[in-house]
Amino acid sequence: MANYSEMYHILFNKITDIIEELQDIQRQTEEMYLQCQKHETIALKVYNINQSKHVGDTVKNTEKRPLR
């Protein structure tokens with residue numbers, strides 16, 4: 001007869017180990033991201049897509065609009 005208690009404990013321990021490993025990896029990559037951000041400055045432009053352009057205004061093709 002199968003020893004369900006032992007099977008459960010093996011499965012539970014392995015799943016717990018994997019979750020802890022994933023959490024460690026997440027912490028490591030978050031730290032890498034934060035370290036990278038300390039050296040970079042990002043300027044964001046805010047666009048009002050409902051605002052009409054005045055005559056003579058030009059929009060460059062390189063302009064990026066934020067998603068709605």
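The CG atom of Asn3 sits 10.0 Å away from atom NE2 of His9, with the distance rounded to the nearest 0.5 Å. We find the CD-CD distance between Glu30 and Gln35 to be 13.0 Å, quoted to the nearest 0.5 Å. Here the straight-line distance linking atom CD1 of Ile10 with atom CE of Met7 works out to 8.5 Å at 0.5 Å rounding.
The hydrophobic cluster containing Leu11 also contains Ile19, counting ILVMFWY residues as joined when their side-chain heavy atoms lie under 4.5 angstrom apart, directly or transitively.
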Inset, instruction - May I have the step-by-step check of side-chain contact (heavy atoms from CB on, under 4.5 Å) for Tyr8 and Phe12, ending in yes or no? - result: CA-CA 6 Å; Tyr8 170 80; Phe12 177 83; 3.9 Å; yes
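Residue pairs meeting the salt bridge (charged side-chain N to carboxylate O under 4.0 Å, His left out) criterion with at least one member in residues 7-24, sequence neighbours excluded: Asp24-Arg27.
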